[in-house]
Amino acid sequence: MPTTDAHTTVIHYDVFGPASDHTLLLINGLGSQLINWDPAFCRRFVDRGVQVVVFDNRDVGLSAKTPGPVPDVRAVTAAFRDGRAGDVAPYSLSDMAGDAIAVLDAVGVDRAHVAGMSMGGMIAQRLAITWPDRVRSLTSIMSTTGAPGVGRGSAEAVATLSAPTPSDRAGFIRHEVETRQATAGDHFDADYWADHAGRIYDRCFHPDGWAFQMAAVVADGDRTADLAAVDVATLVIHGRLDPLIGLSGGEATAAAVPGAQLLVIDSMGHDLPEPIWDDVVAAIVDQIIG
């Protein structure tokens with residue numbers, strides 16, 4: 001189902017479950033389509049009485065693609081250091097949070113529980129900062145505050161973000177499996193990701209999208225001071241084995257939000273595999289419903 005925000009950006013979304021007293025908005029990470037929230041994972045919330053809304057961020061999946069040249073992320077990074085990132089990045093994380101608000105409006109939800117993973121966690125944080133009246137609770141998963149020096153990943157894992165993406169289907173599947181394995185924890189399943197990568201490719205192959213989104217991440221900078229004003233129940237979930245956004249990113253996020261709870265999952269990397277779903281769902285539902 002598409003929706004359009006005030007700037008005519010078409011955003012595609014899906015809904016799991018009937019209308020409920022509790023709606024959970026799930027926000028994707030860098031370059032990820034809404035199908036990266038596994039439907040079986042979403043249905044576990046529905047089984048607990050929670051309606052789930054997922055959507056494609058702009059520049060991925062079935063949502064609108066930004067026209068114009070692909071951003072040079074290195075140039076955006078340099079501009080950020082000079083205080084000029086807003087002049088270089090095509091849009092901001094606040095714009096992406098505004099897309100999430102447009103989705104809530106389309107679904108008819110005034111206030112939602114919001115959870116995001118990786119870049120989606122950053123968008124969720126920005127949503128709670130900028131639109132506090134629309135957020136009932138916040139869950140930040142495998143994410144960070146944007147502060148320099150926290151959440152740093154290994155050089156090998158970070159390099160996977162900018163590795164060239166093959167344009168053919170078989171090459172893309174191999175690339176996706178190798179990338180996911182490089183950032184996973186203890187529960188990596190190559191067959192699962194090979195099948196999933198095929199569905200990603202068939203639904204929408206748009207490898208340039210990540211650069212637009214990464215430019216927005218860099219331009220957003222450090223959210224630490226703003227997070228101190230967040231006044232909703234907040235849960236931070238992070239994997240102890242995360243090689244892409246290190247555990248210090250989750251620890252910094254929990255420290256920045258007053259009263260935030262931190263859940264560290266020992267076997268988790270930068271992934272959300274089925275063996276940890278029960279722990280993640282239970283923690284989020286406990287925050288939502290109690």
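These figures come from a predicted structure and were not determined experimentally. Any value given below was found using the heavy atoms of this structure, including those in side chains, with hydrogens, waters and symmetry copies removed.
Note on residues 267-290: pairs passing salt bridge (Lys or Arg N to Asp or Glu O under 4.0 Å), not counting sequence neighbours, are R44-E274, R44-D278. Sorted by first then second residue, the ring-ring contact (aromatic ring centres under 6.0 Å, His included) pairs that include residues 259-290, not counting sequence neighbours, are F41-W277.
With hydrogens and angles disregarded, no donor-acceptor distance shorter than 3.5 Å links the side chain of Q125 to the backbone of L227. Judged by distance alone, the side chain of S63 and the main-chain N or O of D59 form no donor-acceptor pair under 3.5 Å. Checking side-chain atoms of R111 against main-chain N and O of V135 turns up a donor-acceptor pair under 3.5 Å. A donor-acceptor distance shorter than 3.5 angstrom exists from the side chain of D95 to the backbone of S92, with no hydrogens or angles considered. Judged purely by atom type and a 3.5 angstrom limit, S143 has no side-chain atom pairing as donor or acceptor with the backbone of S140. With hydrogens and angles disregarded, a donor-acceptor distance shorter than 3.5 Å links the side chain of Q213 to the backbone of R58. Looking at T179, its side chain does come within 3.5 Å of a backbone N or O of H175 through a donor-acceptor pair. Side-chain N or O atoms of Q33 include one that pairs as donor or acceptor with a backbone N or O of I200 at under 3.5 Å. At distances below 3.5 Å, not a single donor-acceptor pair connects side-chain atoms of H113 with backbone N or O atoms of I284. Without hydrogens or angle criteria, T183 side chain to L244 main chain gives no donor-acceptor distance under 3.5 Å.
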For this session: Applying side-chain contact (heavy atoms from CB on, under 4.5 Å), run through V107 and T23 and close with a yes or a no.
Result: CA-CA 10 Å; V107 178; T23 295; 5.5 Å; no
Exercise. Given the rule in the side-chain contact (heavy atoms from CB on, under 4.5 Å) test, do F16 and V54 qualify, once you have shown the distances and angles that lead to the verdict?
Worked result: CA-CA 8 Å; F16 292 87; V54 296; 3.9 Å; yes
Exercise. After noting the C-alpha distance and the side-chain angles of L26 and N28, does the key distance pass the side-chain contact (heavy atoms from CB on, under 4.5 Å) rule?
Worked result: CA-CA 7 Å; L26 297 177; N28 282 295; over 6 Å; no
Problem set entry | Test log, rule side-chain contact (heavy atoms from CB on, under 4.5 Å), inputs L127 and R134 | CA-CA 8 Å; L127 189 59; R134 304 298 300 271; 5.7 Å; no
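Under a 4.0 Å N-O distance rule, the pair R136/D21 does not qualify as a salt bridge. Between R43 and D47, no side-chain nitrogen of the basic residue sits less than 4.0 Å from a carboxylate oxygen of the acidic one, so the salt-bridge criterion is not met. With salt bridges taken as basic N to acidic carboxylate O contacts below 4.0 Å, one links D202 and R169. Classification of R203 and D56 as a salt-bridged pair holds, one side-chain N sitting under 4.0 Å from a carboxylate O.
Taking the side chain as every heavy atom from C-beta outward, S267 and I276 approach each other to under 4.5 Å. Side-chain contact between I265 and V280 is present, with at least one heavy-atom pair separated by less than 4.5 Å. Side-chain contact between M122 and R126: absent, with no pair of heavy atoms (C-beta onward) separated by less than 4.5 Å. Within the 4.5 Å cutoff, the side chain of T9 has heavy atoms near those of the I11 side chain. L262 has its side chain out of reach of L235: every pair of non-hydrogen atoms, C-beta onward, lies at least 4.5 Å apart. Considering only heavy atoms from C-beta on, K65 comes within 4.5 Å of C204 through its side chain. The closest side-chain heavy-atom distance from V109 to V53 is not below 4.5 Å. Contact of the N57 side chain with the M119 side chain is registered, since non-hydrogen atoms from C-beta on lie closer than 4.5 Å.
Under the 4.5 Å side-chain heavy-atom criterion for ILVMFWY residues, a single connected hydrophobic cluster contains both V114 and I123. A chain of hydrophobic side-chain contacts below 4.5 Å, direct or via other Ile, Leu, Val, Met, Phe, Trp or Tyr residues, connects W210 to L93. Criterion: ILVMFWY side-chain heavy atoms under 4.5 Å apart, direct or through other members. Under it, M214 and V60 are not part of a common hydrophobic cluster. Both V281 and M142 belong to a single network of hydrophobic side chains, linked directly or stepwise wherever heavy atoms of I, L, V, M, F, W or Y lie under 4.5 Å apart. At a threshold of 4.5 Å between side-chain heavy atoms, the hydrophobic network of Ile, Leu, Val, Met, Phe, Trp and Tyr places I141 and I35 in one connected group.
Scanning all heavy atoms of the two residues, the minimum distance from Q51 to G17 falls at NE2-O, 3.5 Å. Here the shortest heavy-atom pairing between S20 and V50 reads OG-CA, 4.3 Å. Minimum interatomic distance between V236 and G250 (heavy atoms only, all atoms of both residues): CG1-O, 3.4 Å. Across A283 and L263, no two heavy atoms sit closer than the pair CB-CD2, 3.8 Å. The two residues A260 and A254 have their closest heavy-atom pair at CB-O, 3.5 Å. The shortest heavy-atom contact between A219 and A89 is CB-CB, 3.8 Å.
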Cut-off 3.5 Å, no hydrogens considered: what does the side-chain donor-acceptor table look like for residues 144-152, sequence neighbours left out?
| from | atom 1 | to | atom 2 | distance (Å) |
| --- | --- | --- | --- | --- |
| T145 | OG1 | A147 | N | 3.1 |

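Taken to the nearest 0.5 Å, the CH2 atom of W131 stands 6.0 Å off from the CD1 atom of I101. Distance check: Y91 OH to M96 CE gives 5.0 Å after rounding to the nearest 0.5 Å. The CD1 atom of I237 sits 12.0 Å away from the OG1 atom of T253 when rounded to the nearest 0.5 Å. Annotation: the span from D242 atom CG to S118 atom OG amounts to 7.5 Å, rounded to 0.5 Å. One finds the CZ atom of F55 at 13.5 Å from the CG atom of L62 (value rounded to the nearest 0.5 Å). Rounding to the nearest 0.5 angstrom, the gap separating the CD atom in E176 from the OG1 atom in T165 is 8.5 Å.
Judged purely by distance below 3.5 Å, without hydrogens or angles, the side chains of Q261 and T234 never pair a donor atom with an acceptor atom.
With sequence neighbours left out, Y201 forms a ring pair (Phe, Tyr, Trp, His ring centres under 6.0 Å) with F172, F205. Remark: F212 engages no residue in a ring pair (Phe, Tyr, Trp, His ring centres under 6.0 Å) (not counting sequence neighbours). Applying the ring pair (Phe, Tyr, Trp, His ring centres under 6.0 Å) rule to H196 yields the partners Y192, W193; only residues at least two apart in sequence or on another chain are considered.
By the 6.0 Å contact criterion, CG on D231 is open, its count of non-hydrogen atoms from other residues, nucleotides or ligands being 12 or less.
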